[in-house]
Amino acid sequence: MVAESTVIPGVPAEILSADFTDNCLPRLRAYLADLAAGVAVVPGVKLLLLGNGRVGKTQIARRLAGLGFEAVSDSTHGIRIDDLALPGLPDTRLWVWDFGGQEIYHGTHALFLQSPAVLAVVWAEAMEGEPPHDHGGLNFRNHPLPYWLDIARHQGHPASPTLVVQTRCDAPGSGALRPPADEVRMAAARCLHSLRVSAATPRGFEALAEALADAVAWQRERLGVPQVGLVWRKVQLRLETMRAADQDRPAAERRRLLTIPEFEAICREEGGVTAPEVLLRYLDATGTVLHRPGLFDDRIVLDQNWAMEAVYAVFDRDRGAYRLIRDRYRGRFTLDDLAHTVWAGYGDDDRRLFLSLMRSCGIAFRHRVFGEDNEEEEYIAPDLLPERDEGVVVAQWYEGVTTETRVFKHPLLHGGLIRAIMAELGERAGPSALYWQGGLCGYEAETRSRFLIEERMTGPWQGEIIVRTQCGAAAELLAWLVDLVEEQQRRLSLHPEPSDRPPAAPPVEPERPMTFSQEPTLDRDWYVSYAWSDNDTPEGREREAVVDRLCAAAEATGNPILRDKKALSHGDSISGFMRRLGAGSRVFVILSEKYLRSPACMFELSEIWRNCKHDTELFRRTVRVYTLPCATIWTARDRLGHAIHWKTQHKELDDAVKEHGTTILGDHDHHALRQMGFFFTHVGDMLGTLADTVQPRSFDELVKHGFAP
């Protein structure tokens, strides 16, 4: 249950403390200073429509707005906000928030449920037991009415009354006579009324209007009628007028964003606001604008619908990005991937803003930075990651080792929590951690400990977040991770059951930052990367002879070198071996001209570069290079030639895809296209590092240097 927040009658809840960690005094002083200069009554009450997708929430909003029924309508993506008159109360406005019902949206909605509102939980009898299914390109996993009541109970504000609204009751006596939820759960969710309506006829909407008026009165008995300074109301009206005028302009001419200086100028022009940042917080909470301090280049979004529609288009299965990211890129994507699919009609600034919004909501995080000047970024969408691969996880996490554990048991758990935890850790750990749908694991260098965090469902919507650490200062790392999980739980208003287990010990050095990296290995995991399969040429025979002698010398010292030609059997994955090679503790690279033109060899080299996080010193420590006379890498012109080669290869294949469509390529070849893009952007850095390294000039020097500790 949400802890009781501070209440002062008439003062908007957004001004007051949300919990004991939130000091509201500066905000309250600024609010009272502006209130003293003139008072305005807040006419708006938030109405949040919650429930499964396709249950009829949007049609209820249309009827309340005086619009007709739509027999066929698009599913709501994310959140839509409308400003409507409340029937029977002409001086009260409804700020209607129409929430998309798909699973991906649930964690994001929690961010908007924490301030006072009227909650309308919408359900339909025919959909209560409906299994997951696809409709209009979207996946719908229907939750029963008790789930949505638990959302209202656990995540809604204590002063948010709930109405239970059954839809599709088109004829007298149709629909269920009683909601399929017990009285205790209904009371815990602060349910005032249970209603039956039909948006098609429309039956029951007069009763709904009366119930809404009751809910507003119930809330105002507890919070008073919210009042703000007259200047606040003037600024709010001006922003609403700007947004309304914007809708009448052509899309290319709309002004959907404001900078902070522009907002501050409006505050001055309307009479002067004591603390514009406090007013901005209030306007964000009421839905007038969207603003997250420090994100979107600190710009203010005037039209939330526009931004949310663009963000959630990424998860629309019919819009091109969803399957590309989930099936081909295994949850990874770049801004260019979205620019060529769902965001093709937007400018660069808009795309960057949408990406910032995705990160702020925890539905995506930055995985790694690459490119010649670190100008390219790759992101992960946790919901589009593959399922856990036990064979891969077991290589980073050892069962049977002494482990520190903390379990958070939740009576209400949705994917938003593990997604937020993964996003917070993923931004720090980057490619050094392993991610799957519902969990992650990795290694923290300061404590020399491994960690594994994952979600486990124990009931229809009950579940656990399990945090485990092992080796090194595991207790210290556990304490740090527990703090992180608890912070995300507070942010999403998800409260676990009390635990009998004692809390984790405090960190030894609370201020010490965590450093995530690949775990050092005590085993000598040595590989050789070279171009082979052309023994009928002098150059091919020379390369093969060098590798044969190298592997024989290593075997004699008790440090065998793995080579794909010998390590792979029929049916084994070639690309899987290449990835293992790229993560090797030492890799011997026999560089030749054929190597520099081979996609397989360049993939191996780029995997080493990626696993070294583009760190030239780590790359040098990992690679033992032996450059044959035929390889041209020594001048800038040489390296440029290789970059041009791979750029040309990439362009030829990319042009064909653009001409014939992305479906022309299979998953394997689509991955090869992305690899070529990586090659030409990184080949200069990789080869430049090798050319700037003192290299052995004879086989004996290679052995001496290569086998040294």
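Numbers here are sequence positions counted from 1.
Inter-residue side-chain proximity for His414 and Gln155 is flagged as met; some heavy-atom pair is nearer than 4.5 Å. Looking at His410 and Gln489, their side chains come closer than 4.5 Å, going by heavy atoms from C-beta outward. The shortest side-chain heavy-atom distance between Ile151 and Val121 does not fall under the 4.5 Å cut-off. Contact check for Leu481 versus Leu425: side-chain heavy atoms found under the 4.5 Å cut-off. Two residues are said to be in side-chain contact when any heavy atoms from C-beta on lie closer than 4.5 Å; Trp343 and Leu335 meet this criterion. Between Leu357 and Val301 the shortest side-chain heavy-atom distance does not fall below 4.5 Å. Using a 4.5 Å heavy-atom threshold, the side chains of Val467 and Phe451 count as separate. No side-chain heavy atom of Leu417 sits less than 4.5 Å from a side-chain heavy atom of Glu455.
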(request) Would you sort out whether Phe354 and Leu338 count as a side chain to side chain contact (heavy atoms under 4.5 Å, CB included), showing the intermediate values? (result) CA-CA 10 Å; Phe354 300 152; Leu338 301 183; over 6 Å; no
(request) Could you give me the CA-CA distance, side-chain angles and deciding distance for Glu487 and Arg491, then say whether salt bridge (Lys or Arg N to Asp or Glu O under 4.0 Å) is met? (result) CA-CA 6 Å; Glu487 179 184 350; Arg491 191 174 68 88; over 6 Å; no
(request) List the steps, then state whether side chain to side chain contact (heavy atoms under 4.5 Å, CB included) holds for Leu596 with His645. (result) CA-CA 10 Å; Leu596 297 168; His645 167 80; over 6 Å; no
(request) Let me see the working for Leu258 and Ile266 under side chain to side chain contact (heavy atoms under 4.5 Å, CB included), right down to the final yes or no. (result) CA-CA 10 Å; Leu258 284 177; Ile266 291 173; 4.2 Å; yes
(message) Under the criterion side chain to side chain contact (heavy atoms under 4.5 Å, CB included), I'd like the reasoning laid out for Tyr147 against Leu412: C-alpha separation, chi angles, the key distance, then a yes or no.
(response) CA-CA 8 Å; Tyr147 168 85; Leu412 169 69; 3.7 Å; yes
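A donor-acceptor pair under 3.5 Å is absent between the side-chain atoms of Arg388 and the main chain of Trp436, judged by distance alone. Side-chain N or O atoms of Glu444 include one that pairs as donor or acceptor with a backbone N or O of Thr515 at under 3.5 Å. Using a distance-only test at 3.5 Å, with no hydrogens or angles considered, a donor-acceptor pair links the side chain of Gln437 to the main chain of Leu385. Checked by atom type and distance alone, the side chain of His650 never pairs as donor or acceptor with a backbone atom of Trp646 at under 3.5 Å. Formation of a donor-acceptor pair under 3.5 Å by the Gln59 side chain with backbone atoms of Gly56 is not found in this model. A distance-only check finds no donor-acceptor pair linking the side chain of Lys57 to the backbone of Val122 [under 3.5 Å].
Of all heavy-atom pairs between Ala364 and Ala423, the closest is O-CB, 4.4 Å. Taking every heavy atom of both residues into account, Ile325 and Arg332 meet most closely at CG2-O, 3.6 Å. The two residues Met422 and Gly439 have their closest heavy-atom pair at CE-O, 3.3 Å. Of all the heavy atoms in Glu427 and Arg366, the pair that sits closest is OE2-N, 2.9 Å. Residues Ser115 and Lys46 approach most closely at OG-NZ, 2.8 Å, considering heavy atoms. A pairwise comparison of heavy atoms in Leu605 and Met686 identifies O-SD, 3.8 Å as the closest pair.
How far CE of Met457 is from CD1 of Ile418: 11.5 Å, rounded to the nearest 0.5 Å. One finds the CG atom of Leu279 at 8.0 Å from the CG atom of Leu239 (value rounded to the nearest 0.5 Å). The CD atom of Gln236 sits 4.0 Å away from atom OG1 of Thr288, with the distance rounded to the nearest 0.5 Å. Annotation: the span from Glu378 atom CD to Asp337 atom CG amounts to 8.5 Å, rounded to 0.5 Å. The distance from atom CZ of Phe408 to atom CG of Leu494, rounded to the nearest 0.5 Å, is 12.5 Å. Here the CZ atom belonging to Arg352 is positioned 5.0 Å from the CG atom belonging to Asp349, to the nearest 0.5 angstrom.
Annotation: Arg351, atom CZ; neighbour count of heavy atoms from other residues, nucleotides and ligands within 6.0 Å is above 12.
A salt bridge does not link Arg281 with Asp284: none of the charged nitrogens is closer than 4.0 Å to a carboxylate oxygen.
Evaluation of the ring pair (Phe, Tyr, Trp, His ring centres under 6.0 Å) rule for Phe333 yields Tyr379 as partners, not counting sequence neighbours.
Ring-plane geometry between Tyr435 and Phe365 is classed as tilted, the angle between the planes lying from 30 to 60 degrees on a 0 to 90 degree scale.
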